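All values reported here derive from a predicted model rather than from experimental measurement. All residue numbers in this chain count up from 1 along the given sequence. What's counted below: heavy atoms across the whole structure, side chains too, no hydrogens, waters or symmetry copies.
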Amino acid sequence: MNSKPIVAGNWKMHKTVQDGVSFVGEIKNRVLDKAKAKVIFCPPFTALFSIVETLKGTDFGVGAQNVHFEAQGAFTGEISIEMLKSTGLDYVILGHSERRHVFGESDTFINRKIHAVLNSGLVPIFCIGETLDDRKAGRTIVVLEGQITLGLDGLDSIDHNRMIIAYEPVWAIGTGETASVEQVVEAHASVKDILSGMFEENANEVPILYGGSVNENNAAELIETKGVDGFLIGGASLKEDSFCSIIEIVSKFYKG
Ligand code: PEP
């Protein structure tokens, strides 16, 4: 993919088509230093096609927030990979904590999506992270290991150009509480170790994003943290000023 830091915005269930198109149009004109960070917008399904069209000819990326692994059929309310691909996007968020905890997606269910997305040529943004109870019980690394080994089960290899991992402690998502630098360093190093144990090549180079209440005030410290290759951002990705500030900070402070 690239060695640039990645700034991905997960809009969750926010913004209409019109709001989304005007938002990315503004950001497209504002983010001048496009060479230094890979920016990916992940709007709701309804806005995907129009946003891809708005961003045509730019380096901005577009991703979906979910997908079903079946190619087609009687799956009311679901969306297939071909449908997503027909919008022209490149990325799909999988295993987000809200999918796991609100909609009950299991590791094995997410694993089927990972396989389907990789087979299609799209790039998964594979989310993992422990709950507060897990952390309090000292189970963070065990939980990450389980999510990674089950989520990536059955893959023969991993391509750092075609996989993004997002470490998102569940207790930090949308709470205003971020993981400490020490917690992020430990989690990201563990993710790298787990990947290296599973896959011989390239595992070390898979980009690992941090997610969980990233904003313009904590972005500099977090992007300078060892092992952090960028961010997956919820709340702050919905606000033009905040999102642009974070992109600028990441472009300036990322050391790689
Ligand atoms: C997210 O939804 O992936 C996320 C990290 O949200 P927030 O930045 O709002 O914590």
Side-chain angles (χ1 to χ4, degrees), residues 5-14 42 65-66 93-114 124-153 163-198 203-204 206-238 242 246 249-250:
I6 296 165
V7 184
N10 172 17
W11 293 3
K12 312 192 188 202
M13 199 169 71
H14 294 285
C42 301
Q65 300 170 19
N66 188 24
I93 297 175
L94 295 177
H96 189 276
S97 82
E98 286 145 25
R99 298 303 316 170
R100 291 176 188 268
H101 299 289
V102 182
F103 298 100
E105 291 194 10
S106 67
D107 290 310
T108 42
F109 194 68
I110 295 162
N111 175 252
R112 293 186 72 177
K113 297 184 180 201
I114 297 254
I125 303 176
F126 172 38
C127 302
I128 52 171
E130 81 286 1
T131 63
L132 190 56
D133 284 349
D134 296 328
R135 181 156 283 277
K136 282 187 177 156
R139 288 178 38 79
T140 298
I141 306 307
V142 175
V143 167
L144 297 182
E145 187 163 25
Q147 291 173 338
I148 295 170
T149 49
L150 292 171
L152 303 184
D153 187 40
M163 169 72 73
I164 299 171
I165 294 198
Y167 167 61
E168 301 203 301
V170 179
W171 49 271
I173 297 181
T175 59
E177 202 178 331
T178 37
S180 68
V181 165
E182 294 72 30
Q183 289 168 333
V184 175
V185 168
E186 188 198 20
H188 283 228
S190 301
V191 172
K192 275 193 196 298
D193 283 351
I194 296 160
L195 292 176
S196 300
M198 287 180 77
N204 236 355
V206 173
I208 306 174
L209 314 185
Y210 168 77
S213 296
V214 174
N215 58 42
E216 60 270 52
N217 301 317
N218 56 31
E221 182 179 44
L222 286 164
I223 198 62
E224 287 190 304
T225 299
K226 190 169 184 314
V228 174
D229 300 308
F231 298 134
L232 180 55
I233 305 169
S237 76
L238 297 169
S242 302
I246 296 170
I249 291 166
V250 166

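To the nearest 0.5 Å, atoms CZ (R139) and CG (L144) are separated by 10.5 Å. In this structure, I223 CD1 and I249 CD1 are separated by 10.0 Å, a value rounded to the nearest 0.5 Å. Once rounded to the nearest 0.5 Å, the distance linking OH of Y167 with CD of E186 reads 8.5 Å. Note that CG of D153 is 9.5 Å distant from OG1 of T108, once rounded to the nearest 0.5 Å. The CD atom of E168 sits 10.0 Å away from atom CD1 of I125, with the distance rounded to the nearest 0.5 Å. One distance of note links CG of D193 with CD of E145; it measures 9.5 Å at 0.5 Å rounding.
Annotation for A236 and N215: closest pair CB-CA, 4.3 Å, computed over non-hydrogen atoms. The shortest heavy-atom contact between K192 and V206 is NZ-O, 4.0 Å. Closest non-hydrogen pair, F231 versus I246, comes out as CD1-CG2, 4.0 Å. The shortest heavy-atom contact between G129 and Q147 is N-OE1, 2.8 Å. Of all non-hydrogen atoms in A179 and L222, the two that sit nearest each other are O-CD2, 4.2 Å. Among all heavy-atom pairs drawn from N111 and G151, the shortest one is ND2-O, 2.8 Å.
Using a 4.5 Å heavy-atom threshold, the side chains of K113 and N66 count as touching. Using a 4.5 Å heavy-atom cutoff, the side chains of L238 and K12 are not in contact. Contact annotation: the side chain of M163 approaches that of L152 to within less than 4.5 Å [non-hydrogen atoms, C-beta and beyond]. Side-chain contact between I233 and V7 is present, with heavy atoms from C-beta onward closer than 4.5 Å. A heavy-atom distance below 4.5 Å is not found between the side chains of E221 and T178. Inter-residue side-chain proximity for R100 and D107 is flagged as met; some heavy-atom pair is nearer than 4.5 Å.
H188 and Y210 have tilted rings, their planes meeting at an angle from 30° to 60° on a 0 to 90° scale.
Between the side chains of S213 and E177, no donor N or O sits under 3.5 Å from an acceptor N or O. Between the side chains of T131 and D134, a donor-acceptor pair is found at a separation under 3.5 Å.
Side-chain N or O atoms of E105 include none that pairs as donor or acceptor with a backbone N or O of G95 at under 3.5 Å.
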For this session: Check the pair R99 / I93 against side chain to side chain contact (heavy atoms under 4.5 Å, CB included), numbers first and verdict last.
Result: CA-CA 10 Å; R99 298 303 316 170; I93 297 175; over 6 Å; no
For this session: Check the pair Q183, R135 against side chain to side chain contact (heavy atoms under 4.5 Å, CB included), reporting the backbone distance first and the verdict last.
Result: CA-CA 10 Å; Q183 289 168 333; R135 181 156 283 277; 3.5 Å; yes
